[in-house]
Every structure is written in C-alpha cells, then in structure tokens.
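In what follows, a single structure is set out as structure tokens and then discussed.
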There are 2 protein chains.
Amino acid sequence: MTQTAHPLPGTGDMLCFALYSANHAMTRLYRPLLQPLGLTYPQYLVLVALWAEDEKRVGALGAELGLDTNTLTPLLKRMAEAGLVTRSRSAEDERVVTVKLTDRGRSMQAEAERITGCVFAATGLSVAELSDLRDRINRLTEELEQHV
Amino acid sequence: MTQTAHPLPGTGDMLCFALYSANHAMTRLYRPLLQPLGLTYPQYLVLVALWAEDEKRVGALGAELGLDTNTLTPLLKRMAEAGLVTRSRSAEDERVVTVKLTDRGRSMQAEAERITGCVFAATGLSVAELSDLRDRINRLTEELEQHV
DNA sequence: GCTATCTGTATCGCACACGATATAAACGCT
DNA sequence: AGCGTTTATATCGTGTGCGATACAGATAGC
C-alpha cells in the first residue's frame with residue numbers, strides 16, 4: 001500500500017525508457033525493410049496514413065501523426081521530390097496544401113503488406129497479444145496527453 | 001484462427017505507431033518538467049544511468065541506452081559544457097573516455113525524484129499495471145532485437 | 001470597405017539518431 | 001621489433017522533432 005519505493009530506479013525500471021527502447025528497436029527493424037523502397041520510417045507512416053485515406057491536408061496529417069508543420073513540410077517536400085506524393089495548394093483556400101499519393105506512392109502499398117508481415121513475425125506475439133498490447137499503449141498515450 | 005485480415009490497417013491499428021506515439025507523448029510530458037533543469041530527455045536518461053552507477057565509459061553508456069558514439073559524443077560534450085558531467089581519457093587505455101557526474105549532476109537526483117512522481121501520476125496506472133506494461137514492452141524489445 | 005484576429009503553412013536554429021568514415025591506441029601474430 | 005587487426009571514440013552528412021517566429025490568406029467586427 002506504500003505509494004513508491006524506488007531508491008535507485010536506473011533506466012531498466014522506467015516505463016519511459018522501455019518505450020524509448022522499444023521505439024528504437026522498431027525503427028531499427030523497419031529500417032532495412034524500408035531501405036530498398038527508399039523510405040524512412042516517418043515517411044512510411046505518412047504513406048500508411050494516405051493509403052487509408054488519400055488527399056489529406058498537411059494539418060490533418062500532422063494531427064494524425066502527432067507532428068507539426070516544421071517537421072512535416074520538409075519531410076513532405078522530400079517525399080514529393082522522390083515522386084511519392086504531390087503537394088498542391090487548394091484553389092478555394094490558398095493557405096491549405098493538399099497531399100496526394102502519386103501512382104508510384106500508391107503502388108508501394110503491395111510491398112508494404114509484405115513488410116507488415118515481417119514485422120508481425122518479429123514481434124513473436126499472437127494477433128490477440130499484439131492487439132492487447134497496442135491498446136494498452138494507446139490508452140497510456142491518451143492518458144499522458146491529458147497531462148501535458 | 002485466421003492469421004491476418006488487415007485490408008486497410010491505417011496508423012491506428014499498428015503496434016509500431018502506438019509505440020511511436022507513446023514515446024512522443026512521454027517526451028512531451030517530460031519536456032516541461034526537464035526544461036527548468038536545462039535538460040533534454042536523452043540527457044536525462046544519461047543522468048539516470050549515471051545515478052545508478054557513476055563513472056561509466058562512453059561505450060557502456062551507449063550499450064545501456066542503445067546509442068552509438070556518433071550520438072553520445074556531442075550529447076556528452078553538451079552535458080560537460082553545462083557542468084553536469086566530466087569526460088576524461090583513461091590513463092591506462094588512452095582510447096577510453098570515462099564519464100563521471102559532477103556535484104551539480106549528482107545533486108539533480110533529488111529534483112528528479114519529484115519528476116518521477118509527476119510522470120507516474122500522469123500515467124494513470126497502478127504500480128502493478130505499470131510494471132506489467134513495462135515488462136511486456138521490454139520483452140517485445142528483446143524479441144525485436146533478435147530479428148535485426 | 002478596413003482593420004484586427006485567426007488559421008494554415010513555411011522557415012530557422014538546435015538537439016537527437018544513425019550510416020559511413022576516420023583516427024589513434026591496444027592487441028596479436030610471427 | 002614489426003605490422004595487420006581489433007577496439008574505443010570522434011567526425012561528417014542527412015533526416016527527423018520541436019520551440020520560436022514569419023507570413024499570407026481567410027474571417028469577424030465595426
């Protein structure tokens with residue numbers, strides 16, 4: 001019933017470090033899988049977001065990925081240069097930039113399905129375990145975001 | 001019993017994105033707590049590692065935090081400039097650089113205990129729930145690191 | 001119609017994170 | 001002793017990630 005008794009936590013006991021390390025491990029797992037496609041991990045996340053629903057404005061992508069335009073604008077410019085997406089200003093509202101998949105960007109979804117399978121296998125989890133862990137982590141994220 | 005049926009996953013269904021977002025949420029929670037101390041989140045992790053055991057070589061810190069010297073060297077130089085640690089070459093092996101807490105760096109541990117409490121409260125979890133989630137995530141990390 | 005404000009995106013500077021490369025010290029083998 | 005290899009750290013370039021700021025277009029209020 002004591003609240004906390006952590007004399008010398010060390011990184012190993014910290015939830016935040018567990019998340020930090022797991023995120024690093026995940027990006028390191030994805031890196032060699034994405035490299036043949038010329039994609040970085042955040043760029044891959046942008047594609048995933050656009051595969052689910054194409055033609056999103058920069059702000060909507062940022063809200064979904066938790067990134068601001070200071071990160072997204074240069075990232076999207078690189079993806080546009082690579083021929084994965086197009087960036088076009090809206091006609092009715094000149095402030096808005098709409099991001100749209102190119103044929104090349106859309107065609108990468110097939111290859112990505114294979115990557116998803118590799119990653120799933122590497123987790124060593126069942127579908128149920130993976131879903132449960134993901135949901136717990138997502139609930140934690142929601143809780144943390146309320147205390148900013 | 002079907003293995004996978006994910007027609008349009010989207011970021012919301014992905015474990016990797018859950019980790020990505022949770023890690024971001026955690027760093028955003030820590031940021032305002034660490035800012036008064038002039039610390040970034042990775043710098044804070046270095047201090048935690050040194051509080052648990054002082055006088056570590058650069059390579060040992062890197063192994064613990066999962067970072068290479070290309071990240072650690074400039075980070076430790078900034079921490080040395082800020083008066084948190086010292087970097088000294090070993091006498092018996094000139095290749096080795098030992099990182100050691102200064103009095104100032106050591107004295108920050110007290111303040112950090114307060115931060116740990118804030119973060120724990122923000123998770124909305126019990127100690128048991130937190131430990132369980134942390135262990136699950138750590139097991140996932142171990143599993144992922146075997147498939148690099 | 002004019003201005004103040006808000007909104008959406010872009011820019012700048014700094015701090016990670018990492019692949020690739022460099023460099024010096026230590027070690028091993030003959 | 002000499003020399004190739006390994007080891008520990010450092011450097012460089014690119015790509016996020018974010019606080020602060022800038023700016024143009026849209027909106028509201030008068």
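The analysis underlying the following values was restricted to heavy atoms, covering all of them including side chains, and did not include hydrogens, waters or symmetry mates. Every chain is numbered from 1 and lettered A, B, ... according to where its sequence line falls, protein lines coming before strand lines.
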Proximity to DNA chain C (any heavy atom under 4.0 Å), residues of residues 21-42 of chain B only:
B:Thr40, B:Pro42
Set of residues satisfying side-chain hydrogen bond (donor to acceptor under 3.5 Å, both in side chains) with respect to A:Arg89, sequence neighbours excluded:
none
Can you sort out the partners of B:Ser107 under side-chain hydrogen bond (donor to acceptor under 3.5 Å, both in side chains), two or more places apart, ordered by chain and number?
none
Base-contact (B) and sugar-phosphate-only (S) positions in nucleotides 22-29 of chain C, heavy-atom cut-off under 4.0 Å, - elsewhere
---BS---
Sort and list the pairs that fulfil salt bridge (charged side-chain N to carboxylate O under 4.0 Å, His left out) and have at least one residue in residues 136-147 of chain B, not counting sequence neighbours.
A:Asp132-B:Arg136, B:Asp132-B:Arg136
Among all residues two or more places apart in sequence or in another chain, which pass the salt bridge (Lys or Arg N to Asp or Glu O under 4.0 Å) test with B:Glu94?
none
Chain A on DNA chain D: first and last contacting nucleotide, 5' to 3', under 4.0 Å to a heavy atom?
D:dG15 to D:dA26
By side chain to side chain contact (heavy atoms under 4.5 Å, CB included), which residues pair with B:Ser88, not counting sequence neighbours?
B:Thr98
Exercise answer: donor-acceptor pairs, residues 53-60 of chain B side-chain atoms, under 3.5 Å, sequence neighbours excluded:
unit_1: B:Asp54; atom_1: OD1; unit_2: B:Leu101; atom_2: N; d: 3.0
unit_1: B:Lys56; atom_1: NZ; unit_2: B:Ala49; atom_2: O; d: 2.9
unit_1: B:Lys56; atom_1: NZ; unit_2: B:Glu64; atom_2: OE1; d: 2.8

Please list, chain by chain and in numerical order, all residues satisfying ring pair (Phe, Tyr, Trp, His ring centres under 6.0 Å) with B:Tyr30, sequence neighbours excluded.
B:Tyr41, B:Tyr44
Can you tabulate the close N/O pairs, meaning under 3.5 Å, that link protein atoms to atoms of nucleotides 11-13 of chain C?
unit_1: C:dT11; atom_1: OP2; unit_2: A:Lys77; atom_2: NZ; d: 2.8

Please list, one pair per line, the donor and acceptor atoms closer than 3.5 Å that link side chains of residues 65-79 of chain B to other protein atoms, with sequence neighbours excluded.
unit_1: B:Thr73; atom_1: OG1; unit_2: B:Thr69; atom_2: O; d: 3.1

